[in-house]
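First comes the structure, then the notes that go with it.
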Amino acid sequence: MQFVSRAQWGAQPSRYALAYIDSTRGVKIHYEGSPVPASLARPDAHGQCADRVRDIQAAHLADDDEKYSDIAYNAVVCPHGYVYEGRGAHRKTGANGNPALNSAHYAVCAMVGDEGLTNPTDAQLAGLRDAIEWLRDDGDAGPEIKGHQDGYATECPGPALYAWVQRGAPRPGTSGTSPSTRGYEPFPGAGWFEDEPYSEIVTAMGRRLVAEGCSSYADGPGPQWTEADRRSYQKWQKKLGFTGDDADGWPGRTSWQALRVPRV
Ligand SMILES: [Zn+2]
Ligand SMILES: [Zn+2]
């Protein structure tokens with residue numbers, strides 16, 4: 001990760017002490033929502049990026065309606081893939097729309113606009129992915145990756161980034177399912193499965209179930225949670241010796257950890 005700390009980009013101090021947050025359900029992706037010059041994506045334009053982060057912070061500190069404590073985002077990612085530390089890990093964002101939404105997810109903003117640079121670069125998508133993984137590792141972010149518009153009336157993060165989020169926010173050049181060296185996918189919580197998620201985590205889980213000889217798949221596995229996933233997972237629970245309600249096919253923490261799903 002090409003990380004730029006607050007000191008390195010010349011952040012102003014926070015206006016108020018930032019609220020500590022223990023963990024979140026995941027990360028929400030944002031865009032600037034105003035014009036960003038297309039020329040900013042040029043390789044020789046990176047010298048402007050720290051300036052732009054300072055401008056975003058200054059605008060947020062000057063916003064008398066929102067009364068932000070600081071730049072609202074936990075991180076900002078430039079078109080060259082650098083991750084600028086915003087509020088940072090274990091700090092509650094101010095960007096998601098209301099206090100409940102701010103407690104539920106971290107916020108990462110891409111330097112992408114509603115005019116000019118409207119499509120993220122591949123380097124930027126890789127940087128967003130770096131920021132997400134950093135917040136998982138250092139900030140106890142959960143597995144969810146969503147857009148600002150999920151649960152709040154806004155166009156943010158714009159059509160291009162939102163389509164990427166809906167594909168599971170894959171790192172460019174991969175299907176989003178390659179096993180990384182960062183270990184295993186943490187248990188996403190029982191409720192997460194009951195919402196019938198569409199996620200690369202489901203695909204990765206299914207591949208592990210197949211490898212363990214616990215397949216009930218006619219085709220797949222794929223990212224959409226289906227009854228075939230539940231039946232396959234039930235075989236895994238029975239293989240572990242679980243019975244009754246403990247082998248109902250709905251993932252629990254113990255069986256999940258035993259499955260060792262590679263981190264997506
Ligand atoms: Zn937003
Ligand atoms: Zn840059």
Side-chain angles (χ1 to χ4, degrees), residues 1-6 8-12 26-63 66 68 70-88 93-97 101 105-135 141 145-176:
M1 173 167 61
Q2 294 167 306
F3 187 77
V4 185
S5 70
R6 290 175 65 94
Q8 285 170 325
W9 62 261
Q12 296 178 52
V27 176
K28 282 189 172 170
I29 302 298
H30 296 251
Y31 75 160
E32 291 195 35
S34 51
V36 174
S39 60
L40 189 69
R42 291 203 320 241
D44 62 357
H46 179 60
Q48 302 170 30
C49 292
D51 222 8
R52 198 165 181 92
V53 179
R54 288 192 291 271
D55 286 350
I56 294 170
Q57 187 195 27
H60 286 183
L61 287 172
D63 189 326
E66 299 283 356
Y68 289 122
D70 203 317
I71 190 169
Y73 309 112
N74 297 94
V76 178
V77 179
C78 81
H80 313 93
Y82 287 72
V83 177
Y84 291 82
E85 182 181 25
R87 295 192 178 194
T93 175
N96 287 338
L101 295 170
H105 294 86
Y106 288 116
V108 175
C109 181
M111 288 181 191
V112 163
D114 59 355
E115 284 177 42
L117 183 65
T118 54
N119 280 307
T121 66
D122 276 0
Q124 199 163 23
L125 295 179
L128 288 167
R129 193 73 218 184
D130 288 341
I132 291 164
E133 289 168 10
W134 164 59
L135 288 166
I145 303 172
K146 297 195 167 203
H148 187 184
Q149 65 183 254
D150 291 314
Y152 192 76
T154 172
E155 297 292 308
C156 183
L161 276 170
Y162 193 61
W164 177 72
V165 165
Q166 288 190 303
R167 290 199 304 276
R171 188 174 285 279
T174 73
S175 64

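Both backbone and side-chain heavy atoms feed into the values below; hydrogens, waters and symmetry mates do not.
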- Task: With sequence neighbours excluded, tell me which residues meet side chain to side chain contact (heavy atoms under 4.5 Å, CB included) with Q48.
- Result: L40, A45
Under the rule for side-chain hydrogen bond (donor to acceptor under 3.5 Å, both in side chains), what residues qualify as partners of [X], not counting sequence neighbours?
| X | value |
| --- | --- |
| Y162 | D150 |
| E66 | none |
| H30 | N96, H148 |

Quiz: residues 106-124 side-chain donor-acceptor pairs under 3.5 angstrom, not counting sequence neighbours:
from	atom 1	to	atom 2	distance (Å)
Y106	OH	H90	N	3.1
Y106	OH	G139	O	2.6
T121	OG1	P79	O	2.6
T121	OG1	Q124	N	2.9
Q124	OE1	T121	N	3.3
Q124	NE2	V77	O	3.1
Q124	NE2	M111	O	3.1

Do you know which two heavy atoms are closest between [X] and [Y], and how far apart they sit?
| X | Y | answer |
| --- | --- | --- |
| G168 | I145 | O-CD1, 4.2 Å |
| T154 | Q149 | O-CB, 3.2 Å |
| V83 | G127 | CG2-O, 3.4 Å |
| G147 | V165 | N-CG1, 3.8 Å |

- Note on the structure: salt bridge (Lys or Arg N to Asp or Glu O under 4.0 Å) pairs touching residues 73-87, sequence neighbours excluded, are none
- Query: Does atom CZ of F3 have more than 12 heavy-atom neighbours, drawn from other residues, nucleotides or ligands, at distances under 6.0 Å?
  - Reply: yes
Do [X] and [Y] come within less than 4.5 Å of each other through their side chains, counting heavy atoms only?
| X | Y | answer |
| --- | --- | --- |
| K28 | T93 | no |
| Y84 | Q8 | no |
| L128 | W164 | yes |
| V27 | N74 | no |

Between side-chain atoms of residues 51-61 and protein atoms elsewhere (two or more places apart, or another chain), which donor-acceptor pairs fall under 3.5 Å?
from	atom 1	to	atom 2	distance (Å)
D51	OD1	R54	NH2	3.2
R52	NE	E32	OE2	3.0
R52	NH2	E32	OE1	3.0
R54	NH1	W9	O	2.8
Q57	OE1	Q12	N	2.9
Q57	NE2	Q12	O	2.9
Q57	NE2	D70	OD1	3.0
H60	ND1	A72	N	2.9

- Task: Please collect all ring pair (Phe, Tyr, Trp, His ring centres under 6.0 Å) contacts where either partner lies in residues 33-55, sequence neighbours excluded, each pair once.
- Result: H46-H80, H46-Y82
